[in-house]
Amino acid sequence: MTRLSLRGFEIHKGWLDGAAQEEMVAAVRGVVAAAPLFRPDTPYGKPMSVRMTAAGAFGWYADRRGYRYVSQHPDGRPWPPIPEPVLAVWEALSGSARRPECCLVNFYEEGARMGLHQDRDEADFDQPVVSISLGDAALFRIGNRTRGGKTESVWLESGDVVVMGGEARLTYHGVDRVRHGSSRLLPKGGRINLTLRVVT
């Protein structure tokens, strides 16, 4: 394992070994079985390129009314609990005394991406966001605390964990592309990104 720091983002390369990745994928499949993946629309009416779901007390949602956290899956059922292997990563790396209230699950199929954005729908920006990468490698772009300016990019591979806290908490970031087929973790390819957040 190696640890990199890029613009305040703490990147733990290879934090999860192969067995731990397999265990986490199995846990995520349990989440998806209870709360199926869906594709939200942006407030502008355009569907997002990633499919998503969530675990915990809250899930993230978007539609014409805007971006927000909600306590139920779109089908009306409560979100399933956050799996223990995922919580263990938060406990090990977040540095927070609180427990996450949301584990957002984003699934990137071939061609999916995520534009530069801030995570700012939470109530307490002193709490970090912890991001876990599983499956195909993704080109992760890090910007600034305001739009524009020079950016830097790093490839995130399966098993990498990123902690966004402190000055990095409100820094713009996104995923430019996914290197489809670069990992054998998921039989049909694709990337799973888990982000753990304190919401309230």
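Position 1 is the first residue of the sequence, and the numbers go up from there. Computed from a predicted model, the values in this text were never measured in an experiment.
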**Student:** Any chance CZ of Arg3 has more than 12 other-residue heavy atoms, nucleotides or ligands included, within less than 6.0 Å?
**Tutor:** no
**Student:** Quick check: closest heavy atoms across Met164 and Ser131, and the distance to 0.1 Å?
**Tutor:** CE-CB, 4.2 Å
**Student:** Might you point out which heavy atoms bring Leu185 and Gly135 nearest each other, and give the distance in Å?
**Tutor:** CD2-N, 3.6 Å
**Student:** Under a single-linkage definition using a 4.5 Å side-chain heavy-atom cutoff for Ile, Leu, Val, Met, Phe, Trp and Tyr, are Phe125 and Val129 assigned to the same hydrophobic cluster?
**Tutor:** no
**Student:** Using the side chain to side chain contact (heavy atoms under 4.5 Å, CB included) definition, which of the options Ser133, Ser183, Ser182 pairs with Ser158?
**Tutor:** Ser183
**Student:** Enter the distance from Leu186:CG to Ile192:CD1 here, rounded to the nearest 0.5 Å.
**Tutor:** 4.5 Å
**Student:** Glu122 pairs by side chain to side chain contact (heavy atoms under 4.5 Å, CB included) with which of Asp126, Asp119, Asp124?
**Tutor:** Asp119
**Student:** I want to check a possible cation-pi pair here: Arg191 against Tyr108, using under 6.0 Å from ring centre and within 45° of the ring axis as the test.
**Tutor:** yes
**Student:** Would you check, one step at a time, whether the test side-chain contact (heavy atoms from CB on, under 4.5 Å) holds for Arg98 with Thr200?
**Tutor:** CA-CA 11 Å; Arg98 296 187 62 184; Thr200 59; 3.1 Å; yes
**Student:** Parallel, tilted or perpendicular: which one describes the rings of Tyr61 and Phe38, with boundaries at 30° and 60°?
**Tutor:** tilted
**Student:** Judged by atom type as modelled, is there a donor-acceptor pair below 3.5 Å linking the side chain of His117 to the main-chain atoms of His173?
**Tutor:** yes
**Student:** Backbone N or O of Ala35 within a donor-acceptor pair of the Thr53 side chain at under 3.5 Å?
**Tutor:** yes
**Student:** Would a 4.5 Å heavy-atom cut-off, applied to side chains only, mark Val161 and Val130 as touching?
**Tutor:** yes
**Student:** NZ/Lys13 to CG/Leu4 distance, rounded to the nearest 0.5 angstrom?
**Tutor:** 7.0 Å
**Student:** Check Arg39, Lys46, Arg68 against Asp63 for a salt bridge (charged side-chain N to carboxylate O under 4.0 Å, His left out) and give me the one that passes.
**Tutor:** Arg68
**Student:** Can you tell me if Glu152 uses its side chain to pair, donor with acceptor, with the backbone of Ile142 under 3.5 Å?
**Tutor:** no
**Student:** Determine, using the 4.5 Å side-chain heavy-atom cutoff (strictly less than), whether Leu104 and Val199 are members of one ILVMFWY cluster.
**Tutor:** yes
**Student:** When you compare the side chain of Gln127 with that of Pro100, does any pair of heavy atoms fall below 4.5 Å?
**Tutor:** no
**Student:** Side chains of Asp75 and Pro36, heavy atoms from C-beta outward: is any pair under 4.5 Å?
**Tutor:** yes
**Student:** Can you tell me which residue among Glu22, Glu157, Met24 is in a side chain to side chain contact (heavy atoms under 4.5 Å, CB included) with Leu134?
**Tutor:** Met24
**Student:** Could you check whether any side-chain heavy atom of Met114 comes within less than 4.5 Å of a side-chain heavy atom of Met48, counting everything from C-beta outward?
**Tutor:** yes
**Student:** Do Glu91 and Arg99 come within less than 4.5 Å of each other through their side chains, counting heavy atoms only?
**Tutor:** yes
**Student:** Once rounded to the nearest 0.5 Å, what's the spacing between atom CZ of Arg197 and atom CD of Glu101?
**Tutor:** 12.0 Å
**Student:** I would like to know whether Arg29 and Val32 meet side-chain contact (heavy atoms from CB on, under 4.5 Å); could you show each step before the answer?
**Tutor:** CA-CA 5 Å; Arg29 287 199 174 104; Val32 172; 5.7 Å; no
**Student:** Rounded to the nearest 0.5 Å, what's the gap from CD1 on Ile11 to CG on Asp160? Could you check?
**Tutor:** 8.0 Å
**Student:** For the pair Tyr69 and Phe58, name the ring-plane relationship: parallel under 30°, tilted 30 to 60°, perpendicular over 60°.
**Tutor:** perpendicular
**Student:** Tell me whether Val175 shares a hydrophobic cluster with Tyr172, the cluster being built from Ile, Leu, Val, Met, Phe, Trp, Tyr side chains joined at under 4.5 Å.
**Tutor:** no
**Student:** Less than 4.5 Å apart, any side-chain heavy atom of Val31 and any of Trp79?
**Tutor:** no
**Student:** Asp121 and Tyr67: which non-hydrogen atoms are nearest, and at how many Å?
**Tutor:** OD2-CB, 3.6 Å
**Student:** side-chain contact (heavy atoms from CB on, under 4.5 Å), that's the test. Do Leu156 and Val154 meet it? Break it down for me.
**Tutor:** CA-CA 6 Å; Leu156 297 180; Val154 61; 4.3 Å; yes
**Student:** Between Asn144 and Gly148, which heavy-atom pair has the shortest distance, and what is it?
**Tutor:** ND2-O, 2.8 Å
**Student:** Do you reckon Ile82 sits in the same ILVMFWY cluster as Leu37, going by side-chain contacts under 4.5 Å, direct or chained?
**Tutor:** yes
**Student:** Hey, mind stepping through Thr171 and Arg7 against side-chain contact (heavy atoms from CB on, under 4.5 Å) and telling me if it holds?
**Tutor:** CA-CA 9 Å; Thr171 296; Arg7 299 193 178 197; 5.5 Å; no
**Student:** Cluster question for you: counting only ILVMFWY and a side-chain heavy-atom cut-off of under 4.5 Å, with indirect links fine, are Trp15 and Val28 together?
**Tutor:** yes
**Student:** What distance do Leu196 atom CG and Leu87 atom CG have between them, rounded to the nearest 0.5 Å?
**Tutor:** 7.0 Å
**Student:** If you count the non-hydrogen atoms of other residues, nucleotides and ligands that lie under 6.0 Å from CZ in Arg145, is the total more than 12?
**Tutor:** yes
**Student:** If you compare all heavy atoms of Gly181 against all heavy atoms of Asp136, which two are closest, and at what distance to 0.1 Å?
**Tutor:** N-OD2, 3.1 Å
**Student:** For atom CD of Glu110, is the number of surrounding heavy atoms from other residues, nucleotides or ligands below 6.0 Å larger than 12?
**Tutor:** no
**Student:** For residues Asn106 and Trp60, determine if any side-chain heavy atom of one lies less than 4.5 Å from a side-chain heavy atom of the other.
**Tutor:** no
**Student:** Is the shortest side-chain heavy-atom distance between Asn193 and Phe140 below 4.5 Å?
**Tutor:** no
**Student:** Looking only at non-hydrogen atoms, find the nearest pair between Pro128 and Ser96 and report the distance.
**Tutor:** CD-CB, 4.2 Å
